[in-house]
Each structure stands twice: as structure tokens, then as C-alpha cells.
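Accompanying notes for the structure given below.
It should be emphasised that the depicted structure is a prediction, and the values quoted were computed from it without experimental measurement. We name chains A, B, ... by the order of the sequence lines, and we start the count at 1 in each one.
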Amino acid sequence: MLEVRHLTKIYDDGTVAVNDVSFEVAEGDFLVIIGLSGSGKSTLLRCINRLIEPTEGEIIWNGVDLVQLQGEDLRNARRQIGMIFQHFNLVNRSSVLTNVLSGRLGYTPSWKSLLGRFSPEDLEKATQVLERLGIADQTHKRADELSGGQQQRVGVARALMQEPTMILADEPVASLDPVLAHSIMQQLELLNQEDDMTIICSLHYLDLVQRYASNVIGLRDGEIAYRGSKTEIQAMTDDEFKEIYGEEAERVGHGLEGELQSTPEAEK
Amino acid sequence: MSNLNDDDNIEQPKPSLVPPFLAAFVSLIIPGLGQILARAVSRGLLIFFGMGTILGLAVWRFILAAPRDKGALAIFKKALRLEPFLILITLIILILYIWIARDAYFAAMQIGSKPFGLSLLFLVVFFALGWQVSEINPVTILTQADDAWPALSKVIWPWERAIEYPEEFISGGANIRVPCTDEALAPTEPVDEAPYVISFPTCGELTAQDGTPGTNLTIIGYNFISGVEAGIRWTDPNLQTFRHRLEGDFVIVTPDENGEFQIDVIMPYRLLPPSRAEGDMIWEISAQQVSSVGKPQASQELKLAIEKIIETIFIGMMATFFGIILAVPVSFLAARNLMSGSQVTVSIYYFTRTIMNIVRSIEPLIWAIIFVIAVGLGPFAGTLALTAHSVAALGKLYSESIESIERGPIEAIEATGANWLQTVVFAVIPQIIPPFVSFTIYRWDINVRMSTIIGAVGGGGIGFLLIQWIRLTDYRAAGIAVWFIAITVAALDFFSAKIRERFV
Ligand SMILES: Nc1ncnc2c1ncn2[C@@H]1O[C@H](COP(=O)(O)OP(=O)(O)O)[C@@H](O)[C@H]1O
Ligand SMILES: [Mg+2]
């Protein structure tokens, strides 16, 4: 259970990126945040795992206020929250394996990781995760040799290595084409439904929102402008979507319904 | 009246302060003043200072061409006569002068004229002056190319100088009794293998001071090396040896294919102290060959060059090594993204940058001179010089690559719960290693190249040898040094490209 209360973020230059935002996410929810570019989605997500320091407010997660955590406690909280990024944020020159293993850093003593050593269990787990995501054959390639879709799988794999109970995904499919977008979203859906992970994900496309969200909040200028349940979103028309979202609202494409079952192999 | 075309944008369309003719006239007296009075101030100032520079340079060249003459006119005439090129310069300056007046006239008329012609004239004058000042003379390249060829060919193929053979003197002699007595000296015993000389007769008279020629001896040599020139020498009773001459030239014989020769010689002057002038003396006549025997050896020059090229490479290496060690911490202080935290760090950033820029702008050769004064001649001075320059140059390149690292991976690693150290190791270092390696190799390359020449100012390495050999006009030895430098630089190019390929 995550409870965000009166969260505000004002950047040093005075930009109010998130303004008094409150919402709740139940365990096992798939919360989708929608909003125009610049509406504060990234800032909000980064405040939750404190990559950005909130200016005000509380973020209660399993009874603990994340905003108050420091040092070791903060890192221990972070390692249970996986994060996936729009631009994957892989270390390009490191191998896929190293990128994936770095998801274990929160569990690895400094001296060991400095030597680049990970436990056999971690290695075993990395192999499993890579297999699960269908990129086992890419293990020893450099991260930047992979295609966009493969790179995002590495990003997901890195998050999974943390054995997280919650995943934050900041426009995870915005840099990918529609088929790949669905295949990554399906992975998140699996994690949500089979592994009971709570997912908070910002998205751009209405059809993806309708397809995957169990709850939706809409941001506009850093404030919550819309809240909806799964049924409410299903019923939403393009016009209503544009209402919250603005004129830029778009769909991935209707013709893709048949390809939703696309497997990772379909990428190659 | 339109000043649409006027390039002086600052100008308001106000009328000129003076009529056109006056403007032109004033500009003839003080170039540019006419334009200023016509309210084309910036153009006028430009002309004034441009013309001032040109006249200053011209006066200097004239005085230089006729340094001993007094009086402007005398200097002018003499210089024009000695340096015909100055006539051309004078003409162009005159045209420019008139053009400036013309320009002032049009400026006062407020007829916009493009400053194109004027700029072109200025350019031409500066070009002509530059031609004269740098003493450009294409003809010499053609006429003197031939003179350079002998030296150049030695530099291009110096390897004769790289090997030498140990030399051995081979000689055989016969004793001559002076003067002849009843007791004849036995002729030389023939020997196997070793060379020997037989003289007929075995006694004789020396050439006298009054010119009476001495005895004519027939000398036959055996067992010499065929085809190798042998010098004929005398050894007097005091064991002084001198070469036999015939009409001033050294006498040289060349043994035939059997290693034998025959020659007639007249006994030389007696050059003995008076005390030994009388009595029975034994002289020796001998033939001496110089032969190269044994295996070829590396010459002294080759050994020196090898020694110094190794020194050179190590100077470059040590300078790079110390450069890296010092540049890494410095680069962190000079990276804007790391130092933008507070006023203090920002001022450290600017301080470091400034020092680095100053150090970098001083050429390694100048640093070498400074360090030669500080620590004396030798490779240490060279190493210090290159280190100083490397720290500044690498520091700048490193700090720029630190400034350009991506924030994304760092944030992603932080999000996994990694601590600061882990974040640096997993997200920062992988990003800066490739540019660091690349810049370091590049610097190593430069340092070795530089270390080949800092020797010229006493900073150690092969440059010193090169300069010395060139001064001694030993072009073959210099050629060896040039070859070594070229090979080293080429090898370095090759290997640094290979290493860079692997890391970047
Ligand atoms: N580091 C920053 N400093 C100042 N302003 C920022 C910074 N990052 C984002 N902003 C501003 O905050 C607002 C929200 O940005 P962001 O959270 O990135 O929105 P979104 O992810 O929805 O596009 C924007 O106006 C953006 O310009
Ligand atoms: Mg964003």
C-alpha cells in the first residue's frame, strides 16, 4: 500500500513540477499516470524513490514515510522498488549481464561489487531473468549493441533482479514502436498479475492505458486533473481522453489488436 | 541620396560635417580622418589604424634595407635600389592612399560604397609586406635544390654509417742499412702466410740535403691482400714512422691477384737530429694495408641513436604516466558538473581552469628550457616539461569527458539501492574509461613525438643527437636519428590506433 499525501516538488529555478498531489495505490494495482509532456509525471515517479527530493508531503509505503528515510534505510527501501526508464538508462559500454547484475547492488556489499564479484545465486538469478525476458542469447553483448526493445528488456531485467514489490515505470514504451510497446507492457502485466507486483507507470497512448491500467490518474501542470477506475477508463472515448490529455492525445493504433500476443521472438 | 548600402550600420543618416572634397583632402593628410568627419567613424578609425600599421611596417622595412644611411630620402632611394620589391609595396600603398581619399569623398557624399575594394587593397598591402618580411623567395627553392641533394640523400639512406668493420693493419717490412758497408744485410726471410717485403739492395744512401738523390731501391712485396691499397712507410732508427712521398704525394701500391707488388723507391731525406747523423743506421721500409676484417658491427652512431631513442620513448612514457596521475584529480576539480555546487567549488573550478589554460598555452619546448634551467640538462628536465604540459592538456580533456557523462545510467544505478561508491564504479567509471583511455593514448603519442625534439634544447632524448649531428654536417648520422624518430612515431601511430580500437 502506497499513500502519497500532499506531495509538492518545486525545483531550484522555481518551477512547480508537482503541486499538492495525493493518491493511493493498493497492493497489486496497476496505476497509470497520464499527462502531457511537462505535466510532472517523471518528477512524481522520481519523488517516490527519492531520486528527486520532494519539497513537501509524505509518501507512506507499508507504513513507512519514504520522505524521512536517509542513507542505509533509503537504499534498503529503494532496492525493493524497481524502476524502468523511457531511455532505458543502461550503462551502454557494460555488458548486458553487468547491467542486469547491477540490479543486485543494493544487496551486495561494497567491497564485493567493487571487484565486480556477484554471488553464484545472483548469477543464477540473472540467467533466469534474462531467459524469462527472452534475451538470454544477448547476455554477453554490450548493452548498446541491442535494439531498443531488447534494451528495455534489459532495463526490466535489471529491475527484476531487485526482487521488487513495486515497479515504477517512467514512460517505459515511449521510445519504442507499437509492437514492442505492447510486448514490454505485457511483461509488466505479467509481473503485475503473476508476481503480484504493484506497478506505477506513466503512459502516453490511450489504447495502452485502456488495455493495461487498473487505475488511472491524470496530471495537468503538476496537479491531479483526473482519477478513474478500470471500468471508467474502458468507457472513456477519445474525446474525453483529449479533454484531460489535451490535443496531443493519441493511440498506438487500432490495427494492432491482433498482434497483442506478440512474443519476444517477434522482434527479431 | 541613399545610404541603404552603407555598411556602417551604426551611422545615422545625418549629413556629413564637411563637403566631399574637404573630406577627401583631410583623408590625404591623415588617412581615415575624412571618413570620421563624414560621420563614418568606425570605418575611419579602422582605416586610420590599418594605414598606421602599414606605414609603420613599411618604414621599418625601408630602414632595414638601408641601415647605414641617414635621412629619409637617402634611405628611401637606397632601399628602393637594393630591394626592388619595395617599389611594388610603395606603389600599392600609394594606390591605397588615393583610394582612402576617394572613399572619404564618397562617404561625405553619403553614397554608400561597399568597403570591398578598400578591404581588398588592405589585404594586398599586408600580403606584399608579409612576402617581404618573411623573405619569401620561391626561386631559391629551385636554384638551391641541387645543393641540398647530397645532404638529403645521406639522410634518406644513412645506413652505411650504421655498421662498421673492425680494422686491422697488415704490414711487412725490410731493413735497409745506411750507409752501405762491406757487410751486406741479409735479405728478408720469406715467410708463409704473413706479408713480407724484400728490398734490392738492402743498403743505401739517404737523399742528401743538397738534393743529391738517394739510392734507388726495388721493393717487392709478397703475401699482401690482393687489390687492397698499401701505403709505403719508413721507420727511422729512432722508430719514427712516416709515409713515403713522391713529389709530395703519398706513395700507394696495389698488390696483384697473388698479393704481390713491386715498386722502385728513392731513399728519403735524412730528418734525424744531428747527434744521430753519423754512423751506421738501420732503416726499415714497409708496406701497410688497412683491412676490414671480421664481422660487421653496429657503429658508434647507431649505438648512440638506439640508446637515445630508448631514452626518448621512456621520457614520453614517464611524462604520460605522471601526467595521468596528476591530471585525474585535477580534472575532477575542473569539471563544471561536479563543481557547480557552491560558490567555493565554482571558484576552485575557475582557478583550476585558468591555471590549466596558462600551462597548456606554453609550448613543451619552452617548458623544457625552463626545466633545463631548474634541474639541469638531461632527460629529467624533458620529463618534467612534458609532464607539465600533459597535466594541463589531459586535465582539460578528462574534465570535458566528465562533463559529458550521461545522467541516466547514474540515476538508474542509484534507483537499485546502490550506494555512492557502487554508483561511481558501475555508472560513472564505465562512462569515462573509454574517453580517458583514448585521450591518454593520444597524449602518449604527442609526448613521444615531443620528446624527440625537446632534446634540441637539452631536455634529453634523441633530439640532442640530431641537432648535434646536423651541426657537424654528419648527415648520415643525422639520417639514422631521423629514421629512428620516423619509425618510432609510425609504430606509435599504429599501436595507439590499435589500442584505441579496442577501447572506444
Ligand atoms: N531538473 C529540473 N530543474 C528545473 N525544472 C525541471 C527539472 N526537471 C523538470 N523540470 C520541469 O518540471 C516540469 C515537469 O517535468 P517532468 O516531471 O519531466 O514532466 P513529464 O515527465 O510529465 O514530461 C516541467 O515544466 C519541466 O520543465
Ligand atoms: Mg518525463
Greatest number of non-hydrogen atom pairs under 4.5 angstrom with chain B, of A/Glu72, A/Arg46, A/Gln80, falls to A/Arg46
State whether the number of non-hydrogen atoms from other residues, nucleotides or ligands found under 6.0 Å of A/Phe23 atom CZ is greater than 12.
yes
Which of B/Glu406, B/Arg407, B/Glu411 passes side chain to side chain contact (heavy atoms under 4.5 Å, CB included) with A/Asn89? Answer is B/Glu411
message: Within the 4.5 Å heavy-atom criterion, are A/Asn99 and B/Phe426 side-chain neighbours or not?
response: no
Filtered by a 4.5 Å non-hydrogen cutoff, the part of residues 100-115 of chain A contacting chain B is A/Ser102, A/Gly103, A/Leu105, A/Gly106, A/Thr108, A/Pro109, A/Ser110, A/Ser113, A/Leu114
Of all heavy-atom pairs linking B/Ala415 and A/Asn49, the shortest is CB-ND2, 3.7 Å
Applying a strict 4.5 Å limit to non-hydrogen atoms, the region of A/Asn92 in contact with chain B is side chain
Applying a strict 4.5 Å limit to non-hydrogen atoms, the region of A/Leu51 in contact with chain B is side chain
ask   = Considering residues, nucleotides and ligands other than A/Glu145, do more than 12 of their heavy atoms fall under 6.0 Å from its CD?
value = yes
The salt bridge (charged side-chain N to carboxylate O under 4.0 Å, His left out) partners of A/Glu24 (sequence neighbours excluded) come to none
So, the part of A/Arg158 with a heavy atom under 4.5 Å from chain B: the answer is side chain
Under 4.5 Å to a heavy atom of chain B? For A/Leu168 that would be neither
| message | Can you tell me if B/Phe464 has over 12 outside heavy atoms packed within less than 6.0 Å of its CZ? | response | no
Should the heavy atoms of other residues, nucleotides or ligands under 6.0 Å from OH of A/Tyr11 be counted, would the total exceed 12? yes
- Message: Counting only heavy atoms from other residues, nucleotides and ligands, does the tally under 6.0 Å from CG of A/Asp12 exceed 12?
- Response: no
| message | Looking at A/Arg75 and B/Glu414, is there a salt bridge between them, counting it only when a charged N and a carboxylate O are closer than 4.0 Å? | response | no
For A/Arg93 and B/Pro430 the tightest heavy-atom approach is CD-O, 3.6 Å
